[in-house]
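Heads up, the thing below is written out as structure tokens.
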Amino acid sequence: MSIQNKFLRQLPKDGTNFKQRFDPWRLLHLDPMLMIALLIVSTIGLIELYSASGQHWDMTLKQMMSFGIGLITLFVFAQIPPRAYQTLSPWIYGIGVLLLFAVAIFGEVRLGAQRWLKIPGIASVQPSEFLKLGMPMMLAWFFANRALPPRFSHVIIAFILIAIPSALIAEQPDLGTAILVATSGVFILFLAGLSWWFILGVTLLGSILAPFAWGHLHDYQRQRILTLFNPESDPLGNGWNIIQSKTAIGSGGFFGKGWLHGSQSHLEFLPEGHTDFIIAAYSEEFGFLGVLILLSLYLFIIGRGFYIASSAKDTYSRLLAGSITLSFFVYVSVNVGMVSGLLPIVGVPLPFVSYGGTAIITLMASMGVLMSIKTHQKLI
Amino acid sequence: MAKRKTSQLTLKDNRLESQLFNRRLTVMGVLVLGVFSFLLIRYFVLQIIQYQTYATYSENNRVHLETVPPSRGFIFDRNGILLADNRPTFTLSLNRQVVPNIKEAIAKLTPILKLTEDDLKRFNTRLRVARKFEDVPVKLRLTEEDIARFSEVKYEIPGVEIKVELSRYYPYNDLFAHVIGYVSRISEKEAEKLDPVEYDNTNLIGKIGVEKYYENILHGKAGYRHVETNAHGKLLRVLKNTSPKRGNDLTLHLDYQLQKIASDQLKGRRGAVVAIDPNTGGVLAFVSNPSFDPNAFVGGISYNLYTEYRDHLDKPLYNRALQGIYPPGSTIKPFAGLGGLNYKLIDWQKTISDPGYFRLPGDTHQFRDWKKEGHGAVDLHKAIVQSCDTFFYQLSDNIGVDRFNEWMSLFGFGKKTGIDLMDEKTGTLPSTAWKRNKLKAPWYRGEMMSVGIGQGYFTATPLQIATATAIVANGGRHITPHLLQKSIGPKDYKIKNAPDYVMPYNGDPGDWQKMKEAMRDVVHGEGGTARATGFGITGYEMAGKTGTAQVKGIKQGERYNEAAIGERFWDHGWFVGFAPYENPQIAVAVLIENGRHGSSVAPIARALFDYKIKGVIPTPAINTPAGAVDE
């Protein structure tokens with residue numbers, strides 16, 4: 001019955017099949033809705049970056065190149081069928097974890113953190129970026145072959161799979177990425193049907209263990225959390241970022257100060273105004289109206305991701321699409337929340353807007369995977 | 001194993017899994033909508049509800065109000081000679097908030113700027129007292145060589161830079177120090193009382209003299225700049241600019257040349273000269289010798305120099321003209337004589353017989369005249385010309401201390417003259433009430449004898465005596481001595497360059513003229529005490545009165561010095577006078593400490609008159625002529 005059902009769902013309804021065959025987007029394995037939304041957000045990002053970087057044309061150009069490379073990556077990733085990803089998943093994950101070990105041993109220290117692995121003659125790579133896709137792929141692969149909702153033993157195995165790379169990344173130290181990578185795994189667990197009782201139990205255990213975790217944090221990480229609650233306690237030190245970014249956002253008002261007229265970012269009061277805090281510069285120049293438009297676009301992308309996940313035909317695709325979409329949601333909300341002083345400052349860039357090639361390429365790759373899931377459905 | 005296989009089979013139930021997945025996705029969808037709503041509310045609160053607050057923060061971040069200090073008004077003498085100038089000086093200063101290790105920076109700078117122990121000591125003092133955000137000067141008045149050497153190593157020492165600012169400069173150094181005074185760094189105590197806006201970025205303030213008295217109008221009006229600065233405090237552009245207004249330029253009555261002559265004449269002596277225009281009250285010369293270098297105070301005086309000034313036996317920092325209180329001696333006889341005429345106790349005809357002393361009825365104590373054998377028959381004219389003490393003993397006894405006090409205070413004795421200088425001393429004009437309050441004792445009749453000839457309890461400053469002399473010179477019109485003649489600038493300041501009022505006088509108005517005649521005869525007449533000075537005067541006649549003040553002993557605070565002690569016991573010499581006799585343009589009081597005789601002081605007054613009236617500048621200092629008449 002289930003097989004029959006599956007067959008029926010795959011049948012084209014009232015002849016749309018014919019039309020779909022000649023859909024150029026489908027031939028290119030791209031999703032038009034998602035693509036257009038991505039391009040609009042990227043354009044907004046470039047416009048704001050030009051202003052927030054202090055009209056730094058070279059920087060803007062570099063970012064455009066990153067978008068170019070990102071779009072190529074997206075296109076390539078969209079061509080690879082989900083089946084192939086499923087087969088490759090353990091390998092991607094495994095290589096990622098090995099690289100993380102390599103970083104821990106041979107890694108290059110930049111800005112006090114050991115995140116980079118130098119491959120002679122090629123470039124420096126950040127293996128933690130690998131895991132942003134590798135982690136959900138691995139867990140989706142793991143659960144795709146097992147009965148759902150997952151059994152307790154499978155959940156434990158999944159947790160171990162999540163814990164190993166997350167711990168390695170957290171030790172670099174890069175708490176932000178570690179949390180993001182771990183979250184992408186946890187989302188798979190949740191979507192796979194993790195028992196609510198289990199969720200409740202872990203939450204309770206977490207609250208009990210939280211004080212111990214506090215003791216394990218680095219001083220600067222603790223400081224960031226403390227500053228969140230009372231930024232005015234240290235207005236020139238750790239509180240500076242939050243006060244200045246709130247001032248930038250608040251002074252934008254409804255319509256904003258206008259493009260290139262954000263005094264907070266142009267006069268360098270706003271730290272990291274072109275990278276992690278770019279939303280503050282954007283809010284200052286485009287106001288609440290701009291924020292509303294940008295968040296709506298993000299919401300649209302997330303909604304489209306949900307639709308793709310929901311209409312995927314197999315467990316692996318579903319779980320992977322769901323996790324990618326939810327991770328994207330986490331990036332947006334953590335960044336937007338931290339810049340407005342709701343969350344502690346962790347190094348999370350705003351997708352497609354913050355300056356930085358690595359993040360763009362990783363995000364474009366994951367969007368490519370989403371499109372692959374959307375456009376290869378008929379092959380199943 | 002078999003069971004596991006069945007579970008593997010149920011895995012293929014895609015429909016159930018899909019349902020489960022969609023339920024979970026729905027939960028997440030609700031979460032996403034919730035979080036996005038929450039974020040939007042957050043931005044709504046910041047951007048719409050708290051907009052005003054953050055807009056203000058942002059504006060305050062961006063725009064700073066800066067005070068632009070005004071430059072200080074110039075001070076000129078009556079002929080437009082610049083006495084107080086503003087000159088650019090180069091100061092090496094250190095920004096405490098940028099320099100990480102002050103000691104290290106200073107250690108680096110020491111060989112470059114050749115900082116001395118004294119420089120370091122002063123720097124440490126400044127460092128201690130400087131306000132928190134104020135730059136602290138390391139070395140003031142850098143030479144060109146200093147600047148060149150510093151420029152080579154500038155980038156190794158961040159937070160240390162050369163600043164140019166206008167600083168006060170007194171081109172004639174010590175010549176006007178006691179009258180113009182000086183400016184110096186604002187002390188913490190002064191800063192509390194100053195308008196913080198007007199004096200923002202101003203470092204110097206008048207400490208004494210004209211600089212202090214007219215601080216208010218010399219300072220000018222501060223300007224403002226609204227400047228846009230970035231997060232590092234770097235100035236990006238000026239948004240609004242209100243220029244500062246330079247303080248008022250002051251023209252004083254002082255005459256540079258007269259001051260110079262007076263000062264030259266006092267060279268090597270301790271003394272004071274005050275010259276006043278009797279028609280206006282304008283002060284033409286105001287000298288206290290020895291003097292000091294006011295420029296040394298502008299940049300912060302070194303400890304060594306200050307100690308030298310403070311401990312010097314001749315007290316160069318002591319303003320003898322304004323604050324020196326001395327027994328006026330016989331210089332007051334013309335004023336006292338007019339008092340007798342006012343109360344109708346004497347007239348010009350009344351003659352007494354002087355045996356060389358005066359005795360109170362029923363007392364054997366002899367109050368002795370300076371002339372042992374006496375002056376014979378003496379009327380008021382002769383009593384002035386020959387400075388007869390006996391005549392004035394008699395008059396003093398008749399007038400009594402309280403009437404004497406009433407009359408003499410009209411001339412300004414015992415109170416401030418009201419000159420435009422701070423911290424004027426009043427001296428003492430005794431009265432019964434004064435003695436009761438001050439010494440808790442009744443007044444004795446015999447005490448009036450010494451008071452009547454300007455001794456005893458009676459003390460006065462050279463300025464007071466010059467003022468009283470000017471009042472006689474102009475025929476009995478009261479004047480207030482003042483330095484300021486003209487004030488031009490943004491702040492209005494009214495100056496009265498005229499006598500205040502006619503002195504209340506009950507005698508014959510012609511008495512003033514007759515008193516002036518008597519004073520002329522002191523110099524030009526038969527037996528005049530200053531006759532030696534009058535020899536050879538051509539083109540004008542001068543009038544005057546000599547005085548000698550007894551020095552009772554070394555005053556408190558002076559150090560014992562065997563070599564100097566003899567001289568310091570000598571009498572003080574006074575001379576008051578005016579010229580030309582017919583139409584007085586200048587009245588002076590000259591005091592020389594331990595100058596022995598008033599007659600030896602008179603030539604100094606003549607040098608001033610010669611210049612004022614004939615434009616003659618004496619080349620060498622006029623020395624005390626031999627064979628002066630003893631008083």
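Small disclaimer: the values here were computed from a predicted structure and weren't measured. Letters go in sequence order (proteins before strands), and every chain restarts at 1.
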pair [X]-[Y]: side-chain heavy atoms closer than 4.5 Å:
X       : Y       : value
V27(B)  : F190(A) : yes
L33(B)  : L299(A) : yes
L326(A) : V32(B)  : yes
L292(A) : F44(B)  : no
L319(A) : F21(B)  : yes

Give a yes or no on whether the backbone of [Y] and the side-chain of [X] come within a donor-acceptor separation of less than 3.5 Å.
X      : Y       : answer
R24(B) : F187(A) : no
Q50(B) : G250(A) : no
Y43(B) : V336(A) : yes
R62(B) : Q264(A) : no
Q47(B) : F254(A) : no

When rounded to the nearest 0.5 angstrom, what is the spacing between [atom1] in [X] and [atom2] in [Y]?
X       : Y       : atom1 : atom2 : value
N22(B)  : S311(A) : CG    : OG    : 9.0 Å
L295(A) : L39(B)  : CG    : CG    : 6.5 Å
L191(A) : E17(B)  : CG    : CD    : 12.5 Å
S310(A) : L25(B)  : OG    : CG    : 6.0 Å

Largest heavy-atom contact set with chain A, pairs under 4.5 Å, which of I49(B), T53(B), L46(B): L46(B)
- prompt: With distance as the sole criterion, is a donor-acceptor pair present between the side chains of S58(B) and K257(A) under 3.5 Å?
  reply: yes
message: Can you list everything that forms a side-chain contact (heavy atoms from CB on, under 4.5 Å) with W197(A)? Sequence neighbours excluded, please.
response: S195(A), L200(A)
- prompt: Mind checking what makes side-chain contact (heavy atoms from CB on, under 4.5 Å) contact with I162(B), not counting sequence neighbours?
  reply: F90(B), L92(B), L142(B), I147(B), F150(B)
task: Dump the intermediate steps for side-chain contact (heavy atoms from CB on, under 4.5 Å) on K246(A) and Y57(B), then the final yes or no.
output: CA-CA 10 Å; K246(A) 275 163 78 178; Y57(B) 281 175; over 6 Å; no
Partner chain B: residue of [options] with the largest heavy-atom pair count (under 4.5 Å):
options                   : result
G252(A), G337(A), G287(A) : G287(A)
S283(A), G303(A), G322(A) : S283(A)
L194(A), I302(A), V332(A) : L194(A)

message: For a quick test of reading the model, state the closest non-hydrogen atom pair linking S333(A) to V35(B) and the distance between them.
response: CB-CG1, 3.6 Å
query: Of the non-hydrogen atoms in G253(A) and I48(B), which two are nearest, and what is the gap between them?
result: C-CD1, 4.3 Å
message: For the residue pair R23(B) and W196(A), would you count it as a cation-pi contact if the rule is NZ or CZ under 6.0 angstrom from the ring centre and within 45 degrees of the ring axis?
response: no
By a 4.5 Å heavy-atom criterion (distance strictly below it), what part of [X] contacts chain B: side chain, backbone, both, or neither?
X       : result
L289(A) : neither
I249(A) : both
A192(A) : backbone

message: Can you tell me if K245(B) has over 12 outside heavy atoms packed within less than 6.0 Å of its NZ?
response: no
message: For the OH atom on Y224(B), are there more than 12 heavy atoms of other groups (residues, nucleotides or ligands in this structure) within a distance under 6.0 Å?
response: yes
query: When you look at F38(B) and L342(A), which way does the side-chain contact (heavy atoms from CB on, under 4.5 Å) test go after all the steps?
result: CA-CA 10 Å; F38(B) 190 66; L342(A) 290 172; 3.9 Å; yes
